[in-house]
Structure formats: C-alpha cells, structure tokens
Amino acid sequence: MRLVVVGAAGRMGRTLVKAIHDTQGCVLSAAIERPGSPALGQDAAVLAGLPASGILVSNDALAAFVEAEGVLDFTTPEATVAFAGLAAQARIVHVAGTTGMEPQHLAKLEAASRHAAIIRSGNMSLGVNLLAAMVRKVAATLGTDWDIEIVEMHHRQKVDAPSGTAVLLGEAAAQGRAVDLAEARVAVRDGQVGARQPGTIGFAALRGGTVIGDHKVIFAGAGERLELAHVAEDRSLFAQGAVKAALWGRGRKPGLYSMADVLGLDKF
Ligand SMILES: NC(=O)C1=CN([C@@H]2O[C@H](COP(=O)(O)OP(=O)(O)OC[C@H]3O[C@@H](n4cnc5c(N)ncnc54)[C@H](OP(=O)(O)O)[C@@H]3O)[C@@H](O)[C@H]2O)C=CC1
Ligand SMILES: O=C(O)C1=N[C@H](C(=O)O)C[C@H](O)C1
C-alpha cells in the first residue's frame, strides 16, 4: 500500500515513516510538511533514523495524495481538516490521529468522510481501545454513586489537554452511563469550586518530561476504588496501529470509522 505521511518531521511523523518501512506490503510514497518547514527537501527516511530512501519532504500534498492509496496524519486540527478535504478529492484512505479536535473540525471530517474512508482515533493502540471497552462496561455496571475521574500525563511538548485518549475514555464512560460527555465533563478545577456534582466525569492533565502517554480511569466509590490504567512505553505502538488502520481501510466504502472498528472491538 502506497502511504503518504503528513507532518513527516514531527515526533509521530518520524515514527510513522519507520513503521511503514518495517511493514511488509507498505511503502512510503511521499512525506509532507508545511510550507516554510526547515525539513523541506530532506530525506524522510534519514529524518526517521533510516538509510536514505530518496523520498524528500515536500509541501505539495495534493500531488502526493493522487499518487497514493492512503495518508497517515498526526499534525494539528486545522491541518487535519485541510488534509481530509484533499484525501477526499483523491479518494484515498485518511488515518487521522490528531487530537485536540473541536466540534467544528469534527464536522468537516464528517463531511469529508462522505467521499473517502477516514479512520479517526485519539489513540491507535490496542491497549487503550480495549481499555475504553472495559471502561464502558464498568461505567454501565456501577451507579453514579461511583465517581469517575480520568488522569493523564504526557511529555512537556504536548499542546492540547485533556489528551485525545482521555476524551476517548471519557466518551466510553459517558456511553456506559448513557449520558452526554459534553454535559457531564469537568475539565478544570481551581479555587472554591464547591463539592463534586454527582454524575460528573472529571479530567486532570499533567505535563512534564518525556512521558509518552499515561492514562488512568478511577471509579471512586464509598470506601473502595477501582482503577483501570494504560501506559504507553513507545510511540511505535501508535504508528503500528495507524498503519494497520490504513490497511484495513483500503477498499472500504466512504465513512468515518474508529480504531474499535479496525480492531473488531465493537463486539466486546
Ligand atoms: N491518535 C494517536 O494514537 C496519537 C495521536 N497523537 C497526536 O498527534 C499529533 C501530533 O503529535 P506529535 O507528533 O507529538 O507533534 P509534533 O509537533 O512533533 O508533529 C506535528 C508535525 O506536523 C507538522 N505540521 C503542522 N501543520 C502542518 C501542515 N499544515 N502541513 C504539514 N505538516 C504540518 C508540524 O510541523 P511544525 O512543527 O513545523 O509546525 C510537525 O512536524 C498531536 O495531536 C498528538 O496528540 C500523538 C501520538 C499518538
Ligand atoms: O501528544 C501525544 O504525545 C499523544 N497524544 C495522544 C493523546 O492526546 O491522547 C495519544 C498519546 O497519548 C500520545
């Protein structure tokens, strides 16, 4: 499968180039960065710590997409919306791992998914998607006298909070309780905030050092606590998940899909 990596010089971009190199049946067909990026003209494989491939980083996304079958996109919400439009034009699979997406970005992704398969997830790992399925089940089993709090920690360079994974886990908890996360969510506490409101789902975001991604969902009841956690030890697990998603999406009809679809976890 011919794959383009956008944001190819970023932390995930470099990891994706390596994952494509390591996957039989996949080939890097182009590497894209924004206009003005110092990475333009550099060999994408060399940036990823591999021997030179001859694929030089460029900023002509549409030209790259029409020659490819899929695009792996871990960039920014604005860039991902633009790439979704181009991937729809080129009718190629779009794997969107970008987090911090607001409702207006998601609406545009939804529109683009009428023309091409988009697989979007705040976390492409098997472990987190399995955790989400467990959280949904536990939240459905326990009543609202069990408080739900989601704690995440990431490296100091991360720009969005709460993390996409924390939101994904919050959505799973909200689904389990049959409530709307937008109404139940409490993402900031500072000062005299008053006692915890029953039924809310709280978030706490920690930032520091080089932490790749730690997530914990706490169910706090009277006199006991249940904690479900995931620790990402290497970015390659997200990249491998993204490549798997692209392969799964090849030949699939247009639509907006999730990693749970790719991993067949809906039946869990
Ligand atoms: N779903 C998942 O499993 C995972 C999701 N993520 C998410 O992926 C995203 C990227 O993370 P990370 O790699 O750490 O971030 P980085 O900042 O290291 O990488 C993002 C890259 O995208 C580039 N970029 C930005 N705008 C454009 C554009 N318009 N065209 C082309 N390239 C562009 C940036 O270039 P420049 O720096 O020059 O602006 C940068 O090289 C985040 O939203 C993160 O949360 C991360 C890990 C796993
Ligand atoms: O920015 C990151 O690094 C990560 N982002 C994703 C998120 O926001 O949940 C996934 C992973 O935790 C790493």
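In each ligand, atom 1 is the first atom listed, and ligand 1 is the first ligand listed. Throughout, residue positions are numbered sequentially from 1 according to the sequence presented.
Taking Y257 as the reference, W248 meet the ring-ring contact (aromatic ring centres under 6.0 Å, His included) condition, with sequence neighbours excluded.
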Quick check for students: name every N or O atom pair between ligand 2 and the protein closer than 3.5 Å, with distances.
| from | atom 1 | to | atom 2 | distance (Å) |
| --- | --- | --- | --- | --- |
| ligand 2 | 1 (O) | K158 | NZ | 2.9 |
| ligand 2 | 3 (O) | H155 | NE2 | 2.8 |
| ligand 2 | 5 (N) | K158 | NZ | 3.2 |
| ligand 2 | 8 (O) | T99 | OG1 | 3.4 |
| ligand 2 | 8 (O) | K158 | NZ | 2.7 |
| ligand 2 | 8 (O) | G164 | N | 2.8 |
| ligand 2 | 9 (O) | G164 | N | 3.3 |
| ligand 2 | 9 (O) | T165 | N | 2.8 |
| ligand 2 | 9 (O) | T165 | OG1 | 2.5 |
| ligand 2 | 12 (O) | H154 | NE2 | 2.6 |

Steps toward salt bridge (Lys or Arg N to Asp or Glu O under 4.0 Å) verdict (R196, E149):
CA-CA 11 Å; R196 195 181 195 287; E149 293 285 314; 2.7 Å; yes

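Checked against L169 for a side chain to side chain contact (heavy atoms under 4.5 Å, CB included), the options K216, H230, H215, E152 give a single hit: H215.
Residues I32 and V5 fall into different hydrophobic clusters, defined by Ile, Leu, Val, Met, Phe, Trp and Tyr side chains chained together at heavy-atom separations under 4.5 Å.
Annotation: side chain of T23 is not in contact with side chain of Q240 (no heavy-atom distance under 4.5 Å). The shortest side-chain heavy-atom distance between V17 and H21 does not fall under the 4.5 Å cut-off.
Note that OG1 of T200 is 11.0 Å distant from CG of L181, once rounded to the nearest 0.5 Å.
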Can you give me every donor-acceptor pair (side chain of residues 56-63, partner residue at least two apart or in another chain, under 3.5 Å) with its distance?
| from | atom 1 | to | atom 2 | distance (Å) |
| --- | --- | --- | --- | --- |
| S58 | OG | D60 | N | 3.2 |
| D60 | OD1 | A63 | N | 3.4 |

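The backbone N or O of A9 lies less than 3.5 Å from a partner atom in the side chain of R14, making a donor-acceptor pair.
A distance limit of 4.0 angstrom between heavy atoms and ligand 1 selects the residues G7, A9, G10, R11, M12, E33, R34, F74, T75, T76, A79, F83, G97, T98, T99, S121, G122, N123, M124, K158, D160, F238.
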